[in-house]
Engineer: 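This is the structure I have questions about; it appears just below.
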Amino acid sequence: MAAAFSDALARAARQHGWQGWDREAIEVEVPANAEHGDYATSVAMRLAKTLRRPPREIAGAIKDQLDLRPPLASADVAGNGFVNVRLDVAWLRGQVDAIIADGADYGRSETLRGKHIQVEFVSANPTGPLTLANARGGPLGDVLSSVLRFAGADVQREYYVEDGGTQVKRFGESVAIRYRQLFGEETPVPQDAYPGEYVTEIAAQIKEKHGDLYRTLTLEEQGRVFAPMAIDWVVADAQRVTRKFGITFDSWFKQSSFLESGYFAKTMEELRRRGCLVDRDGAVWFETSEARALDREGEEGWVVIRSNGDPTYLGTDIAYHRLCLEERGIDLKINVWGANTHYHLLQMKIALPALGIAEDRWSVVLYQYVRFLHEGVLQRMGRRTGLFLMLEDVLEAVGKDATRFLLLQRGADSQLDFDFELAVQQSNDNPVYYVQYAHARIASIFRTAAERGITPDGADLSALATPAEHALIKLCLRFPELLADIVGHRGAHLLTGYALELAGAFHGFYRDHRVVSDDVTVSKARLRLVQAVQVTLRQTLGLLGVSAPDSM
RNA sequence: GGGCCGUUAGCUCAGUGGAUCAGAGCAUCCGCCUUCUAAGCGGAAAGUCGCGGGUCCGAUUCCCGCACGGCCCGCCA
């Protein structure tokens with residue numbers, strides 16, 4: 001559509017000798033009011049100043065140059081200078097067949113063909129089971145991945161297991177404390193130890209498997225031995241729960257792998273070679289003029305290797321991103337991160353270019369943290385505070401489909417407060433059922449049609465004559481455009497809004513239009529129409545990772 | 001002190017990189033099931049799109065300032 005306007009503008013400009021315009025000024029919109037056509041552009045008003053012509057004159061010239069062949073039927077100038085166009089009805093009806101023919105490929109494109117994209121999400125600290133806080137990144141990353149893959153990209157879903165940090169040490173020692181307690185030892189639990197029953201459960205498993213084998217070790221030694229076992233337990237648990245959430249990761253990538261392989265050290269050498277590192281107080285600091293500019297006071301820079309020799313989160317993350325983008329053949333890395341990492345994000349935006357990695361090769365979807373109602377008070381979830389809502393409990397109580405839909409109805413930027421009791425209570429009111437019901441209703445219509453021996457075969461689509469029928473087709477046609485929007489960084493949550501809109505349009509149509517009736521011609525055509533709607537709904541739900549039932 | 005995000009109907013939140021954009025669901029009220037599933041449909045009521053400036057033919061949308069809420073500024077991640 002933009003191309004049609006753009007070509008018409010180019011021809012009009014040539015004809016009238018206009019100078020100084022550019023194609024970027026073209027914006028196509030779908031008017032809310034059907035009387036204003038199917039598509040419209042306000043480009044004439046935008047160009048009025050540059051071209052020094054009245055908007056209506058420009059609009060008229062563009063209108064005259066529009067190629068009025070299907071899919072376009074007519075164009076007119078309205079308001080202060082809008083160009084409105086209408087779609088050719090015969091062409092529109094024909095799209096019903098096209099959508100059904102595409103079937104499971106409807107909406108698929110090749111725009112990202114050949115591009116290797118990694119989407120890294122969830123990646124919770126491997127020190128405990130997944131909570132609803134980590135989980136918000138799940139549907140966001142999973143659905144974005146699906147959409148990118150549908151647009152032709154080679155997408156890898158990655159779960160990054162940060163098994164090398166200080167928190168992991170603490171986790172191992174927390175398990176050790178429980179291990180000792182299982183043998184009746186009076187071991188005090190320090191403030192910063194991990195709470196939660198799973199810690200004891202892991203300790204019990206170790207006891208069961210190895211007995212008192214490790215009893216003679218010091219707490220620190222026990223922690224070192226237990227940490228990898230505990231990590232394995234947590235990773236296996238995360239794999240189980242994410243699968244329950246409808247997410248399958250292509251890789252579970254451990255931080256320890258590139259610490260042990262020496263890649264981290266090599267990356268630090270490279271930073272040093274580029275003059276970005278400074279040794280101070282026994283630690284190694286990242287320090288460049290850009291880093292100083294970010295920190296207002298800042299001559300300090302940021303520690304990448306602690307004085308005890310351990311790398312910091314920033315240090316390992318620099319190496320991890322470099323590894324992905326320079327060694328693993330990934331063209332674009334997209335991280336889905338919680339809002340508390342925004343400062344880290346700014347640091348990374350300075351550190352990666354310092355290694356010569358182009359800024360446009362990675363981006364971050366930052367989502368606001370999930371808070372939840374605990375004893376009537378909104379609380380921030382945190383494993384270290386011991387306050388959290390387990391993802392698995394929510395999935396059990398609310399269901400996979402409803403949870404995914406719920407989390408995807410809001411944009412990543414919007415704050416999300418979760419009331420567990422309310423969610424359970426309202427799960428029957430969840431909008432996801434509204435959408436699924438539309439799909440099931442269509443399936444039911446087909447069952448009725450089959451009973452009466454009516455099939456959509458050989459339908460004459462010209463029987464689709466009402467505005468509501470045409471509106472349904474137009475709405476189905478928006479699906480590919482929506483996917484293009486999402487690929488263009490618009491956010492996966494738009495899919496839920498679209499699903500609701502399409503389901504709503506169908507429910508309204510259903511009320512006013514009998515599909516299976518004595519009029520076989522109309523019945524066949526309408527069966528064909530609702531089939532196209534069903535295909536589009538199924539495609540939308542499929543990308544959302546929500547099931548599309550045939551009956552409810 | 002600095003930074004990131006938010007502020008839209010009673011509640012929970014969509015939306016628009018400017019016009020033909022004031023939206024959905026829930027909650028409230030009124031109607032609709034001998035006919036393809038009422039997990040549905042139609043209607044009513046409900047908002048100066050946080051406040052103040054600015055740019056413009058036009059601002060809920062863009063810019064600046066302010067207020068309020070959340071988050072962040074560690075040799076934690």
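Each chain gets a letter, A, B and so on, in the order its sequence line appears, and its residues count up from 1.
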Engineer: For a quick check of understanding: with a heavy-atom distance under 4.0 Å over all strands, which category does R371(A) fall into, base, sugar-phosphate or nothing?
Structural biologist: sugar-phosphate
Engineer: Specify whether H321(A) and W362(A) have parallel, tilted or perpendicular ring planes, treating 30° as the upper limit for parallel and 60° as the lower limit for perpendicular.
Structural biologist: perpendicular
Engineer: Just the rounded figure in Å: distance from C1' of C75(B) to CZ of F286(A).
Structural biologist: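 Between C1' of C75(B) and CZ of F286(A): 17 Å.
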Engineer: Checking all strands, does T496(A) fall into the base, sugar-phosphate, or nothing category for heavy-atom contacts under 4.0 angstrom?
Structural biologist: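 No contact.
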Engineer: Distance check needed: G25(B) P versus D429(A) CG, whole Å only.
Structural biologist: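 Distance, rounded to whole Å: 12 Å.
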Engineer: Students often mix this up, so state it plainly: with edges at 30° and 60°, are the rings of W233(A) and Y198(A) parallel, tilted or perpendicular?
Structural biologist: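 Parallel, since the angle between the ring planes stays under 30°.
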Engineer: Measure CD/Q368(A) against P/C72(B) and give the value in whole Å, please.
Structural biologist: 11 Å
Engineer: What integer distance in Å separates D310(A):CG from C75(B):P?
Structural biologist: 14 Å
Engineer: Indicate, with a heavy-atom threshold strictly under 4.0 Å, whether A440(A) touches base, sugar-phosphate, or nothing.
Structural biologist: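 The answer is base, as A440(A) lies within the cut-off (heavy atoms under 4.0 Å) of a base atom.
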Engineer: Identify whether any heavy atom of A78(A) sits under 4.0 Å from a base atom; if not, whether one sits that close to sugar-phosphate; answer base, sugar-phosphate or nothing.
Structural biologist: base
Engineer: Suppose you measure atom P in G10(B) against the same atom in A45(B); what distance do you get, rounded to whole Å?
Structural biologist: 15 Å
Engineer: Starting at the 5' end of RNA chain B, which residue's closest nucleotide do you reach first, V515(A) or L346(A)?
Structural biologist: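 Nearest-nucleotide comparison on RNA chain B picks L346(A).
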Engineer: Describe the nucleic acid contact of F82(A) in one word from base, sugar-phosphate, nothing, applying a heavy-atom distance below 4.0 Å.
Structural biologist: base
Engineer: Find the distance R86(A):CZ to U20(B):P and express it as a whole number of Å.
Structural biologist: 17 Å
Engineer: To the nearest Å, how far apart are I445(A) CD1 and C36(B) C1'?
Structural biologist: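 Nearest whole value for this atom pair: 5 Å.
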Engineer: State the pairing partner of A22(B); accept Watson-Crick or G-U wobble contacts with both distances under 3.5 Å, and report none otherwise.
Structural biologist: none
Engineer: Round to the nearest Å and state the distance from K169(A) atom NZ to C75(B) atom C1'.
Structural biologist: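 The distance from NZ of K169(A) to C1' of C75(B) comes to 12 Å, rounded to the nearest Å.
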Engineer: For the residue pair E158(A) and C324(A), what are the closest heavy atoms and their distance?
Structural biologist: OE2-SG, 4.3 Å
Engineer: Check every strand shown and say whether F446(A) touches a base, only sugar-phosphate, or nothing at a heavy-atom separation below 4.0 Å.
Structural biologist: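 Nothing: the residue F446(A), judged by heavy atoms under 4.0 Å, touches no strand.
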Engineer: Honestly, is R478(A) close enough over Y498(A), meaning NZ or CZ under 6.0 Å from the six-membered ring centre and within 45° of the axis?
Structural biologist: no
Engineer: What does D281(A) touch in the nucleic acid at a heavy-atom separation under 4.0 angstrom: a base, only the sugar-phosphate, or nothing?
Structural biologist: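 Base contact.
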Engineer: Give one of base, sugar-phosphate or nothing for A40(A), where a contact means two heavy atoms less than 4.0 Å apart.
Structural biologist: nothing
Engineer: Considering heavy-atom distances to RNA chain B, does S517(A) or Q347(A) have its closest nucleotide positioned more toward the 5' end?
Structural biologist: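 Residue closer to the 5' terminus by nearest nucleotide: S517(A).
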Engineer: What is the distance, to the nearest angstrom, from the NE2 atom on H513(A) to the P atom on C36(B)?
Structural biologist: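 Whole-Å distance recorded here is 17 Å.
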Engineer: Between G15(B), A77(B), U35(B), which nucleotide has the shortest distance from any of its atoms to the side chain of H493(A)?
Structural biologist: G15(B)
